Amino acid sequence: SAGGHRIASHLREEGYDVEVLDFWPAWTRLQLLQFFHQNIREDTLAIGLSSMFTLGQMGKDAKSQNKVIEMIQTMDYLKDLYPQVKFVGGAQNLSALTVYNLDYYVSGYGEYAIVELFKYFKGEFNTLTIQQKKIGGGTINLIDCQNDYPAFPMPNAAVKYEERDYIEPQEVLTLELARGCKFKCKFCSFPILGVKGDHSRCAESLKEELLDNYNKWGLTTYTVSDETINDNPEKLSKCAEVVKSLPFDVHLAGYVRADLIVNKPETWQDMYDMGLRTHYYGIESFYQPAGKSIGKGINTDKLKEGLLEVQDFFRDKEAGRGDFKCTISLIVGLPYETKETFMAGVDWVLENMPGHSWSITPLYIAGPTTSAMTTSPSEFDRTWKEEGLFREMTDEEMAAIDESDLNPKTAWNAINQVVKSNRLKWSHDTMNLWEAFVLFEGLLAKIKN
């Protein structure tokens, strides 16, 4: 998670001394204890934990589960070892943190909130707002950044690494060009949606960060954190001018809205010039009624034709280009989607865009117990019942689930995600959650074979 380094950069600008420990699940318990023994001082205020995903996403095999247990136990042990230090967790979504027993939970972009929290720890004047939120059988201290300490837009969102961060030239760091998304896709649980106007960072800040990372660490490759990189043609032009002014090439990867790139070919050269040559397309479905149900209703034939034209443009070596990779992302189970319409989309990708990667996931809608941990629920999470597109599977339908439909090697995933998880057991006129997982697991087996 890049959040820890961004918070560290902001706190350092405010005069705090911050040490960042990366990849901590890969550290042994002894190594972690040695690290904290060397770095905890009398004036240490807090130990922070930055999370992106829930621990449940690490996997269900025994090795992954043992690592999850070890991570939780390590945090509990550190709390006992350093009772004078506050333990603070930060994530965009609260569900990524609640497995840990922490003193404070910070949700959303936390630059402004964390400064007020540290003032609170030091007994200084502050404007801290702490909510008491009930989770499971207990109550946690929550700082809701999105509503109480909005940190968007952020014109200077640079991450400044130090020698003690041990950055290597082959690493792929995270680069932030803007915060928020102007769209409101119904399945999306990103916290800042429907923004208006230009919310990108300033060109001077971007150039300084790229130069600094190249001169100090030899870095040129980044994952862009923006929810939609190509949401604004002016933003793309600005970034292209910055990158063209650099004495080295930059390679960027990130989320590109497919209907926008298809409809705006005038932005293609700027995207190439800024180094954005690895695209993640959230297509979700190649069946137009399904796409339209979530806010992506572009004509399917136009979308397919446009994607092939984009591929040809970026790969055109005679025009001085030639560098392009993409990921096609699809969601199994959108309203109106059937097994046949979904597989038709998969087959088109395999036939027409070979050599690229693709990502498939069953539709997720938060259930009644998970919604309490969701600080930015999607529109489907909030309104699935009132909207009438979905219903909850009955006990009879759940009892009729036939596990023999699954590949025995991957059955645990579907069974846990459908039968034992807290997600909504949704159903609509053409598919239900179990059928979506059966199709998903079948595709996994197809890929492995």
Side-chain angles (χ1 to χ4, degrees), residues 1-3 6 51-54 90-96 106-113 142-155 157 174-201 223-236 254-261 263-264 279-285 290-298 329-331 334-335 359 361 363-366 370-387 389-390 423-424 426:
S1 171
R6 173 60 200 145
S51 297
M52 184 176 294
F53 304 111
T54 61
Q92 286 294 342
N93 202 308
L94 190 59
S95 59
V106 181
S107 67
Y109 291 102
E111 287 98 335
Y112 300 148
L142 172 66
I143 294 95
D144 181 356
C145 301
Q146 184 173 350
N147 294 303
D148 296 330
Y149 300 94
F152 55 91
M154 182 67 68
T174 301
L175 185 70
E176 188 175 4
L177 303 178
R179 287 188 182 177
C181 182
K182 71 178 186 179
F183 300 101
K184 293 183 178 180
C185 298
K186 292 186 178 181
F187 63 88
C188 181
S189 60
F190 287 157
I192 309 169
L193 302 176
V195 298
K196 306 295 183 183
D198 183 8
H199 50 283
S200 60
R201 62 188 289 191
T223 295
V224 179
S225 64
D226 298 27
E227 288 87 344
T228 305
I229 301 177
N230 63 327
D231 57 352
N232 188 309
E234 290 74 23
K235 165 187 166 185
L236 298 176
Y255 179 79
V256 172
R257 176 111 176 180
D259 54 359
L260 283 187
I261 194 172
N263 286 326
K264 294 183 179 294
H279 302 175
Y280 186 101
Y281 297 127
I283 303 295
E284 322 314 350
S285 174
K292 189 175 181 180
S293 73
I294 58 171
K296 296 188 175 183
I298 185 174
S329 177
L330 302 172
I331 297 178
L334 295 179
S359 171
T361 181
L363 175 64
Y364 175 88
I365 300 178
T370 54
S371 59
M373 298 188 296
T374 305
T375 46
S376 56
S378 72
E379 185 172 339
F380 277 163
D381 293 335
R382 298 190 308 269
T383 67
W384 66 268
K385 186 176 294 185
E386 294 82 358
E387 199 170 82
L389 286 174
F390 300 94
R423 68 172 65 211
L424 178 72
W426 57 260

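No hydrogens, no waters, no symmetry mates; every other heavy atom, side chains included, goes into these values. Computed from a predicted structure; not experimentally measured. The first residue of the sequence shown is numbered 1, and numbering continues consecutively from there.
The distance from atom CG of L389 to atom CD1 of I294, rounded to the nearest 0.5 Å, is 11.5 Å. If you take CG on L177 and CG on N232, they are separated by 11.5 Å, rounding to the nearest 0.5 Å. Atom-to-atom distance recorded for Y109:OH and F152:CZ is 9.0 Å, nearest 0.5 angstrom.
When side chains are defined from C-beta on, L363 counts as touching L334, because their heavy atoms get closer than 4.5 Å. By the 4.5 Å heavy-atom criterion applied to side chains, D381 and L424 are not counted as neighbours. Side-chain contact check for N230 versus H279: every heavy-atom pair is 4.5 Å or farther apart. Under the 4.5 Å side-chain criterion, counting only non-hydrogen atoms from C-beta, R257 is not in contact with I298.
When the shell of 6.0 Å around CZ of F190 is examined, it contains 12 or fewer heavy atoms from other residues, nucleotides or ligands.
Under the side-chain contact (heavy atoms from CB on, under 4.5 Å) criterion, K264 pairs with P233, L260, E266, T267, not counting sequence neighbours. Residues passing the ring-ring contact (aromatic ring centres under 6.0 Å, His included) test with F380 are F390, sequence neighbours excluded. Under the side-chain contact (heavy atoms from CB on, under 4.5 Å) criterion, P153 pairs with H199, sequence neighbours left out. Every residue two or more places apart in sequence or in another chain that forms a side-chain contact (heavy atoms from CB on, under 4.5 Å) with A258 is listed here: Y281, I283, L303, L307. Under the side-chain contact (heavy atoms from CB on, under 4.5 Å) criterion, Y280 pairs with Y255, T327, S329, S359, not counting sequence neighbours.
Side-chain atoms of Q146 come within 3.5 Å of backbone atoms of P191 as a donor-acceptor pair (strictly under, hydrogens ignored).
Nearest approach of A91 to S51, heavy atoms of both residues: CB-O, 3.3 Å. Considering all non-hydrogen atoms of both residues, A178 and D226 come closest at N-OD2, 3.0 Å. Scanning all heavy atoms of the two residues, the minimum distance from S376 to N93 falls at OG-ND2, 3.8 Å.
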Applying side-chain contact (heavy atoms from CB on, under 4.5 Å), run through L175 and T223 and close with a yes or a no.
CA-CA 6 Å; L175 185 70; T223 295; over 6 Å; no
Validation: residues 179-189 side-chain donor-acceptor distances under 3.5 Å, sequence neighbours left out:
unit_1 : atom_1 : unit_2 : atom_2 : d
R179   : NE     : E176   : OE2    : 2.4
R179   : NH1    : E111   : OE1    : 3.2
R179   : NH1    : E111   : OE2    : 3.4
R179   : NH1    : A151   : O      : 2.7
R179   : NH2    : E111   : OE2    : 2.4
R179   : NH2    : E176   : OE1    : 3.4
K182   : NZ     : D231   : O      : 3.0
K186   : NZ     : E387   : OE2    : 3.4

